[in-house]
2 protein chains.
Amino acid sequence: MADVAEKAGVSRALVSIVFRNQPGASEETRQRVLRVADEIGYRPDSAARLLARGRSRTLGVMFTVHQTFQTDLIEGIYPEAERLGYDVLLSATAPGRNEAKAVEALLSHRCEALILLGPDAEAGYLDDIGHRAVTVSVSRRVPGARVDFVHSAEGKGVRQAMEHLVELGHRRIVHVDGGRGPGSAERRRAYRAAMRRHGLESEQRVIPGDHTEQAGIETGRLLLAERDRGLALPTAILAGNDRCAMGVLMALTRAGVEVPRDVSVVGYDDSHLSHLMPIGLTTVRQDATLMAEHAVRFAVERLENPGLEPREAVLDPKLVVRGTSGPPPDGAA
Amino acid sequence: MADVAEKAGVSRALVSIVFRNQPGASEETRQRVLRVADEIGYRPDSAARLLARGRSRTLGVMFTVHQTFQTDLIEGIYPEAERLGYDVLLSATAPGRNEAKAVEALLSHRCEALILLGPDAEAGYLDDIGHRAVTVSVSRRVPGARVDFVHSAEGKGVRQAMEHLVELGHRRIVHVDGGRGPGSAERRRAYRAAMRRHGLESEQRVIPGDHTEQAGIETGRLLLAERDRGLALPTAILAGNDRCAMGVLMALTRAGVEVPRDVSVVGYDDSHLSHLMPIGLTTVRQDATLMAEHAVRFAVERLENPGLEPREAVLDPKLVVRGTSGPPPDGAA
DNA sequence: TACTCGTCCTAGAGCGCACTAGTAGAGCGC
DNA sequence: GCGCTCTACTAGTGCGCTCTAGGACGAGTA
């Protein structure tokens, strides 16, 4: 920077002004400084910049590499952050890299706010970081923690899916839940409520799972094993999310069970996976773009308005009927 | 930091020593400093830390959100970087956020080295950044640019796939290429060479595509439309990557074409998608973990040894035969 | 003329650390 | 008692930038 200043015949402060695009420099000098900087190959060092101004204008996003819905969210976070003049840093959780590690990385890189996509840490810890930095939790409600919360109305989504299935004539509807996955508790509850409401309390069945294809596969195998022991297959399966639904589909199809002729399968998320299935996955759509925008806006507004209390945004999900749901086979109980 | 120093009754320098885990502090003081820091909620500011020491020990990784193979790579990058004492920052390309933007973000956050996963920018630009920072390109050869290069032997992979198909009896094998996608040029060339070598030059056909499901779907539709006009379907399709193969499968299956009975489909990458297909995708496996480790090691070694010239690592891919490949239908030409 | 004001610019302090050079004091041999 | 080394610590500088306070100069106003 000093080199640029010298070579352009101005002070360092002026160079700073030019690079911050601030008023206080004539168009002529501005061009000259920019030209010289380009020649020298100078680029402002953001570490020093962060250090010098109090603020970093950087949002940290924690996500899980393979959760397709989360990567859908990231695509929505970037443009909204850019629009509001914020930088985005990504930190992934992965096997061997837990959430605390990912969060520490973001925090120590001076992120002013954290956007946590489907965090799984305990409420106490999240409350801690909520006090250290503005924090937004996406898809996971954290009772008692000082964090904003963006999610879709899981209850409504599940209700729509269940109504769809019941209208088609299904009664033996099982739910593979998402374990500790974000939104799972709410979806599980809504499934139970819907079964009760339709007088199917006795048919209720929740199979423990999680938000991976593996869980779906295992569920499929479990149900097939039961069938081989003489029990009837359910006529419909409501999966915890799309990835899980994929797994179920895979296990069933491989065993010759036809979807949706023999069994209907419904997912959740409408991640970009779901329309890629050979027959298209019937699923509950969460609007990733909208959720991302809300998350960014919550973070930014709270940063620029420190008095603000954390808020909650609830978006309406919407059932998308594709090819994996249909009427139950004739003669199904 | 000053607060911690004061409250612990030591100098700031001592606090610095403790937090850097350096010799020069007694165990007793060490514990005291740590305890006080914890009480106050002090955490070292990495921006200031970066600024103060010359080096940042941070690797920047550019990737594309939805390329599953790249997210597989990221999972491998983290542990290796941590092992070598480096931090990792992620920056994604996405619609509206091109590679230059993603790279600038990393560079201005003081990443010492860049690991670019399947970069698509022109060689001149990559050479530029190769001169600005240690740069590793994964999966894309950039002739003439000052970058390390980690990839798998695309030629070998394609050759294995082609041999597998030819041995099964296929002759009408088309290739949906990956357009400008990483490795595509090499795969395309290898396909052509293999066709020639097996005396199938006249059957050669490359359909332009890219590394997305959409490209696969469009190819599927194209082939189906041709069939409806009386042309025969190919008996095997070699896709540019797994995602493209998925798309092909989807289009064909939806139209009632059975895989592999009517058509065999082979992918490339063995991303975690491929074993999830209902029948399992036959594909060419690239070892993501190994590639990630090489990339990190190249970057780090060149950082710590500035004299080193950029290198190239070629890993051997391996055909994984699953359920989407089989003998061609009887009577196929 | 004397003044204000606006534009374009500069000097210099300080952001939170790391690091070099150095000090104080304990322990040791002679 | 001396010098010596080793451990445990500290003062002070500088990393590359931003930002506040203010200066120089010309144009407009009283």
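Within every chain, numbering begins at 1; the chains are lettered A, B, ... in the order of the sequence lines, protein sequences first and strands thereafter. None of the values given here were measured: they were computed from a predicted structure.
- Of the options B:H211, B:Q286, B:H272, B:R243, a side-chain contact (heavy atoms from CB on, under 4.5 Å) to B:F69 is made by B:Q286 and by none of the others.
- Under the rule for a ring-ring contact (aromatic ring centres under 6.0 Å, His included), the partners of B:H151 that lie at least two apart in sequence or sit in another chain are B:F149.
- Judged by distance alone, the side chain of B:R32 and the main-chain N or O of B:A8 form a donor-acceptor pair under 3.5 Å.
- Remark: of the listed residues B:E99, B:K101, B:Q67, B:E99 is the sole one forming a side-chain contact (heavy atoms from CB on, under 4.5 Å) with B:T93.
- A:R43 meets the salt bridge (charged side-chain N to carboxylate O under 4.0 Å, His left out) test with B:E104; sequence neighbours excluded.
- For the pair A:I74 and A:F63, the minimum side-chain heavy-atom distance is below 4.5 Å.
- Residues forming a salt bridge (charged side-chain N to carboxylate O under 4.0 Å, His left out) with B:E6 (at least two apart in sequence, or on another chain): none.
- Within the 4.0 angstrom heavy-atom criterion, no nucleotide atom of any strand lies near A:S46.
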Taking only N/O atoms, report every protein-nucleotides 22-28 of chain C pair under 3.5 Å with atom names and distance.
none

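- For B:S137, there are no side-chain hydrogen bond (donor to acceptor under 3.5 Å, both in side chains) partners two or more places apart in sequence or in a different chain.
- Of the side-chain N and O atoms in A:S26, one or more sit less than 4.0 angstrom from OP1 or OP2 of C:dC9.
- Shown here are the salt bridge (charged side-chain N to carboxylate O under 4.0 Å, His left out) partners of A:R146, two or more places apart in sequence or in another chain: A:E309.
- Residue-level contact check: B:R30 touches neither bases nor backbone, having no heavy atom under 4.0 Å from any strand.
- For B:D45, the salt bridge (charged side-chain N to carboxylate O under 4.0 Å, His left out) test picks out A:R110, with sequence neighbours left out.
- Shown here are the ring-ring contact (aromatic ring centres under 6.0 Å, His included) partners of A:F19, two or more places apart in sequence or in another chain: A:Y42.
- Put simply, the side chain of A:T64 never gets that close to the backbone of A:H66: no donor and acceptor are under 3.5 Å apart.
- With the 3.5 Å cutoff on both pairing distances, Watson-Crick and G-U pairs in DNA chain C assemble into runs of at least 3 at C:1-30 with D:1-30.
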Can you give me the N/O atom pairs linking the protein to nucleotides 17-20 of chain C at distances under 3.5 Å, or say none if there are none?
{"from": "C:dC17", "atom 1": "OP1", "to": "B:Y42", "atom 2": "OH", "distance (Å)": "3.3"}
{"from": "C:dC17", "atom 1": "OP1", "to": "B:D45", "atom 2": "N", "distance (Å)": "3.4"}
{"from": "C:dC17", "atom 1": "O5'", "to": "B:Y42", "atom 2": "OH", "distance (Å)": "3.4"}
{"from": "C:dC17", "atom 1": "O5'", "to": "B:D45", "atom 2": "N", "distance (Å)": "3.4"}
{"from": "C:dC17", "atom 1": "N4", "to": "B:R12", "atom 2": "NH1", "distance (Å)": "3.2"}
{"from": "C:dA18", "atom 1": "OP1", "to": "B:R49", "atom 2": "NE", "distance (Å)": "2.6"}
{"from": "C:dA18", "atom 1": "OP1", "to": "B:R49", "atom 2": "NH2", "distance (Å)": "3.3"}
{"from": "C:dA18", "atom 1": "OP2", "to": "B:S16", "atom 2": "OG", "distance (Å)": "2.6"}
{"from": "C:dC19", "atom 1": "OP2", "to": "B:R20", "atom 2": "NH1", "distance (Å)": "2.5"}

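- Running 5' to 3' along DNA chain D, contacts with non-hydrogen atoms of chain A at under 4.0 Å begin and end at D:dG16 to D:dC19.
- Remark: B:N241 pairs with no residue by the side-chain hydrogen bond (donor to acceptor under 3.5 Å, both in side chains) rule, at least two apart or across chains.
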